[in-house]
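All of these numbers come straight from a predicted model, not from anything done at the bench.
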Amino acid sequence: MQLSVHTSAANIDAASNFLIERGSPGVVVKRYGLDAFFPVNGDAASLKKDVQRFFVALIRLSSHADKARLNWKVVQAENWNNSWKRFIKPRRIGKSFWVTPPWLQPPKFRLRQVITIEPGMAFGTGTHATTRSCLEFLEVAADRLRADKFTALDVGTGSGILAIALDKLGAREVWGIDNDPVALKVARENLIVNHAAEKVRLTGKHLSAIRKTFSLVVANLTAETILELAGSLEKKVAAEGYLVLSGILRQKCRAVTSLFAGKFTTVKRKQSREWVTLLLRRK
């Protein structure tokens, strides 16, 4: 069975988590919602009730007044182990990168570096607007820091895509941290494929437990998590270093910029759909 949901971007993460916990092997995130798939069995009626109940509660708690539109249909049997791969396409990102899955042969680029990412149970394949914006801003910051052979920290590394990019952009040392053991496993595998395992250090430590500062720190999280970690994030950015923040919904952006305004200046701001990414520099 395929469930198609039309809802606000603010609700997609919570909806994705619920549907995966309810038995979907994965979801396909779209511009205005998502698709989820479930096996056809005797649990269908119970599943539909649970999903309906969840979205009623989600919309009630959400600041967005629009209702979620749900559409169920039975799709023809096919090889689900491979059919999802058609949703993952190679992408040119910024001036430096070509992001591709491992089952596709990337074209040979003279000026672009290839990042190969195996989509797994960790965020970051290059398809999400926040990941793309982070990669673009990392290029800008790395270009300004290049002469200093900068160091970098990726907070919430997920698939490791940003840590890999930092390695390819010339960082002499990269740390990637995540509190999800599955993400660390996926990131480690992607580092090996991209020949970045020697340069990038992965850890499950809490941000506050890291006693180093870095020329460049990136955190593609959520506005709520960024606000919660603000003090620790500030301490990890070296003098005149750069901080890239993303995963921020447009309506939460002012709260984030206001909190960091005392010690950082805003170098760039990019909005893509409902998501905002910030490039800040420590004063």
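- By the 4.5 Å heavy-atom criterion applied to side chains, W98 and R91 are not counted as neighbours.
- Two residues are said to be in side-chain contact when any heavy atoms from C-beta on lie closer than 4.5 Å; H206 and N179 fail this criterion.
- For S246 and T130, the side-chain atoms include no donor-acceptor pair closer than 3.5 Å.
- Considering K48, K49, R22 as possible partners of D43, the one that fulfils the salt bridge (charged side-chain N to carboxylate O under 4.0 Å, His left out) test is R22.
- With sequence neighbours excluded, no residue forms a side chain to side chain contact (heavy atoms under 4.5 Å, CB included) with R211.
- Cluster annotation: I117 is connected to V174 through the hydrophobic network of ILVMFWY side chains, with a link wherever side-chain heavy atoms come within less than 4.5 Å.
- One finds the CG atom of L279 at 11.5 Å from the OG atom of S133 (value rounded to the nearest 0.5 Å).
- Of the inter-residue distances, the one linking K236 atom NZ with T213 atom OG1 reads 9.0 Å to the nearest 0.5 angstrom.
- Cluster membership check: L278 does not share its hydrophobic cluster with W275, using side-chain heavy-atom separations under 4.5 Å among Ile, Leu, Val, Met, Phe, Trp and Tyr.
- Between the side chain of R112 and the backbone N or O of G94 there is at least one donor-acceptor pair closer than 3.5 Å.
- In this structure, K73 places its NZ atom where only 12 or fewer heavy-atom neighbours from other residues, nucleotides or ligands lie under 6.0 Å away.
- Without hydrogens or angle criteria, T257 side chain to R254 main chain gives a donor-acceptor distance under 3.5 Å.
- Between the side chains of S4 and N71, no donor-acceptor pair of N or O atoms lies under 3.5 Å.
- In this structure a side-chain-to-backbone donor-acceptor pair under 3.5 Å is present from T151 to S215.
- Inter-residue side-chain proximity for L202 and W175 is flagged as unmet; no heavy-atom pair is nearer than 4.5 Å.
- Under the 3.5 Å distance criterion, the side-chain polar atoms of S8 are matched with a main-chain donor or acceptor of A10.
- Take Y32 and apply the side chain to side chain contact (heavy atoms under 4.5 Å, CB included) test, not counting sequence neighbours, and it matches H6.
- Remark: K185 engages E189 in a salt bridge, criterion side-chain N to carboxylate O under 4.0 Å.
- Within the 4.5 Å cutoff, the side chain of I115 has heavy atoms near those of the K168 side chain.
- Judged by distance alone, the side chains of Q113 and S96 never bring a donor and an acceptor atom under 3.5 Å apart.
- Residues L135 and I161 form a side-chain contact, since some pair of their non-hydrogen atoms from C-beta on lies under 4.5 Å apart.
- Within the 4.5 Å cutoff, the side chain of I177 has heavy atoms near those of the L153 side chain.
- Salt bridge absent: K149 and E173 never bring a charged side-chain N and a carboxylate O closer than 4.0 Å.
- In this structure, L162 is a member of the same hydrophobic cluster as L145, with clusters built from ILVMFWY side-chain heavy atoms closer than 4.5 Å.
- In this structure, the side chains of L243 and R282 stay at 4.5 Å or more apart for every pair of heavy atoms.
- Remark: K199 NZ is packed, more than 12 non-hydrogen atoms of other residues, nucleotides or ligands lying under 6.0 Å away.
- Under the rule for a ring-ring contact (aromatic ring centres under 6.0 Å, His included), the partners of F38 that lie at least two apart in sequence or sit in another chain are W72.
- In this structure, the side chains of L221 and I248 stay at 4.5 Å or more apart for every pair of heavy atoms.
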Donor-acceptor pairs under 3.5 Å, side chain of residues 191-198 to any protein atom, not counting sequence neighbours: which ones?
unit_1	atom_1	unit_2	atom_2	d
N194	OD1	T116	N	2.8
N194	ND2	T116	O	2.7
N194	ND2	N190	O	2.8

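- The one candidate from I93, N220, V99 that meets the side-chain contact (heavy atoms from CB on, under 4.5 Å) condition with T131 is N220.
- Sequence neighbours left out, not one pair with a member in residues 94-107 passes salt bridge (charged side-chain N to carboxylate O under 4.0 Å, His left out).
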Anything under 3.5 Å between a donor and an acceptor, one on a side chain of residues 222-234, the other on a protein residue two or more places apart or in another chain? List them.
unit_1	atom_1	unit_2	atom_2	d
T222	OG1	T225	N	3.2
T222	OG1	T225	OG1	2.9
E224	OE2	K252	NZ	2.4

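- Within 6.0 Å of CZ in R172 there are more than 12 heavy atoms belonging to other residues, nucleotides or ligands.
- None of L184, V155, D154 except one satisfies the side-chain contact (heavy atoms from CB on, under 4.5 Å) rule with D178; the exception is L184.
- In this structure, the side chain of R144 does not engage the main chain of Y242 through any donor-acceptor pair within 3.5 Å.
- When hydrophobic clusters are built by joining Ile, Leu, Val, Met, Phe, Trp and Tyr residues whose side-chain heavy atoms come closer than 4.5 Å, directly or via intermediates, I20 is grouped together with F54.
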